[in-house]
Amino acid sequence: MNEMSKEYAIGIDLGTTYSCMAYLDEEGSPVVEKNFEQEDTTPSVILFNENGEIIVGSPAKDMAMMYSMERVVTAIKRQMGQTGPEVDVEIDGAVYTPVSLSAAILKKMINDFNDNHGTDIKKAVITCPAYFGQLERDATKNAGMIAGLEEVTIINEPTAAAISFGLGGGVEGRKRVLVYDLGGGTFDVTVLEIEGNSFTAVATDGERLLGGKDWDAELIKIIKRKIMDEYGVDESEFDSDDDVKQNLILDSETIKKRLSSAESTKGTLTVGGRKAVYTVTREEFEAETRSLMDATLEKMDSALSSKGFSMGDIDEVILVGGSSRMPQVKAGISAKYPSANLRLFDPDQSIAKGAAIFAGTHNWNLREDMEDAEKKGEEYVPAAGEIVVHNVLSQTFGIKAVYDDTSAEMISNIIFRNEKLPISSIKTYYPVDDGQSSIMVEIYESAANNVEGERRIELVEGCPVGDFEMTLPEGVTKNTPIAVKFTATDEGILIASADCLGSHKEYQLQNRLQMSDSEIQKSRGLVEKVQRA
Ligand code: AMP
């Protein structure tokens, strides 16, 4: 095999603030790939310079100060899965979607890898938060395709961290772990059962808008308050100056990191023509951010209680994500759960490494092989050593229904989050009118739990994700049952069907962000301008 055709097992952690890429070396051990700048992680920052070039990573972060804020894109992961003008970025007449912006980050990492290894990688495992819904997963996959990959498999970040922990850390027997993943922009908590090569998620929860960036924002408030008090600077002087704003964003992150190892630290900021020097203590920072920390503890609690677990049922709590380095994380968890067995585990790299380990054993034809097995009435048997991942459904799915008791339109939930995949459930509905000719099945996604009071929820609590129309046979009455069946596959793909008096209609939830080959090609053109190292 020559070097050009060598296939690497690649895992990519596409993070909100930092991204990381790992591959398996000759011995099959995961190794983090250093980018062109010789860093283990690449800031997920994109800069569009005046020459029409797209710069990604530390150079973009470093040069951000010299450009107007519109030319610098950060935290794009928070917009994944959304579409439309509010989330698109228009620069020099070209429109970039969150998908193509994420593709730019991936492309930089892939370019760096290809240049370093003299190869042209076409397959990768990319991670996403466990609670990402179908749209966000599809968006992530599409970003990989636009970045030039031909095959992309998505796995959950906590599962990847658990793989790295389980297979790299020598888990013996069966272990139940809780992965607490506090990254730059997202928070994820997942309970997994590890046994040999099998990783089964049993409960997951998270907050898409909670991460290190929020701690930075609180620190900015502290810094501003101190400078206002000590130097008599007016609030408007911070807000009217883009340079000051950018400096505060960059400095707050640096100071936050310093406060992870020092009890107090100093900083300077030039604002309103004056150079201010300020001191921030860890105690002040922790007091200001207590509610953020508490929010993560609440999510931890709800993930545990959704399965009736207490901390005594958890063998180990694995802390991953860069923000887990903040001392308040360990202290906060220990205070709430004194019996917790905590371990800070390779916080910046475990997800990418776990994804690479998974890529190394992954059957890239899994879907076809599973379908073939099903056709033959057999069960798919993984190859020896193949890592088997079982997930829980990350979202609850239901349909819009009119309730007789209130005549109100509500979401009637059918399959629920945190139920082990694959799952299937049937609910019976009835036509509203005698002789009704058709029904519209409108599918909603939400975060509802399978508990009394959440099986039926208000429309505004869910998000419409798809619909299909079914023609009803003649002669239906208000009393003719219509059986609506929802099935979620191993991968969490939803298949809905409706049956009424022998009529049957099936619908697979469409990838609403499905991009045709030509659309992918067109978007590839957009990110071609990502600078090659
Ligand atoms: P990740 O998305 O997992 O790479 O996490 C990145 C986040 O971790 C960013 O918000 C960083 O500011 C934060 N982070 C990295 N190192 C530290 C540290 N030593 N102390 C506090 N936060 C950190």
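Atoms considered below: every heavy atom in the structure, side chains included; atoms not considered: hydrogens, waters and symmetry mates. When a ligand or atom number is given, it counts from 1 through the structure's own listing order.
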Check each atom of ligand 1 against the heavy atoms of [X] and keep those under 4.0 Å away; list them by number with element.
X	value
M326	21 (C)
G212	10 (O)
G321	3 (O)
R325	16 (N), 18 (C), 19 (N), 20 (N)

Is it the case that over 12 heavy atoms from other parts of the model lie below 6.0 angstrom from the NZ atom of K266? no
Just need the protein heavy atom nearest to [atom], so name the residue and atom and give the distance.
atom	value
atom 21 (C) of ligand 1	S260 OG, 3.2 Å
atom 6 (C) of ligand 1	T17 OG1, 3.2 Å
atom 2 (O) of ligand 1	G184 N, 3.1 Å
atom 4 (O) of ligand 1	Y18 CB, 3.5 Å
atom 3 (O) of ligand 1	G322 N, 3.0 Å

Does K175 come within less than 4.0 Å of D315, counting only side-chain N to carboxylate O? no
Sidechain N-carboxylate O distance under 4.0 Å for R524, E528: no
Once you measure the plane-to-plane angle for Y96 and F48, does it fall in the parallel (<30°), tilted (30-60°) or perpendicular (>60°) bin? tilted
Under a heavy-atom criterion of less than 4.0 Å, does T41 contact ligand 1? no
Heteroatom proximity flag, K256 to ligand 1, N/O under 3.5 Å: yes
Polar proximity ligand 1 side, E253 side, N/O cut 3.5 Å exclusive: yes
Please check: side-chain N/O of [X] versus main-chain N/O of [Y], any donor-acceptor pairing under 3.5 Å?
X	Y	result
D241	F238	no
R78	G185	yes
D13	C20	no

Once you restrict to heavy atoms under 4.0 Å, what part of K257 touches ligand 1? Side chain, backbone, both or neither. both
Could you see which bit of S323 sits under 4.0 Å from ligand 1, with heavy atoms only: side chain, backbone, both or neither? both
Modelled atom types, side-chain donor and acceptor of N363 and E386, under 3.5 Å: no
Quick one: which of T190, L178, V189 gives a side chain to side chain contact (heavy atoms under 4.5 Å, CB included) with P158? T190
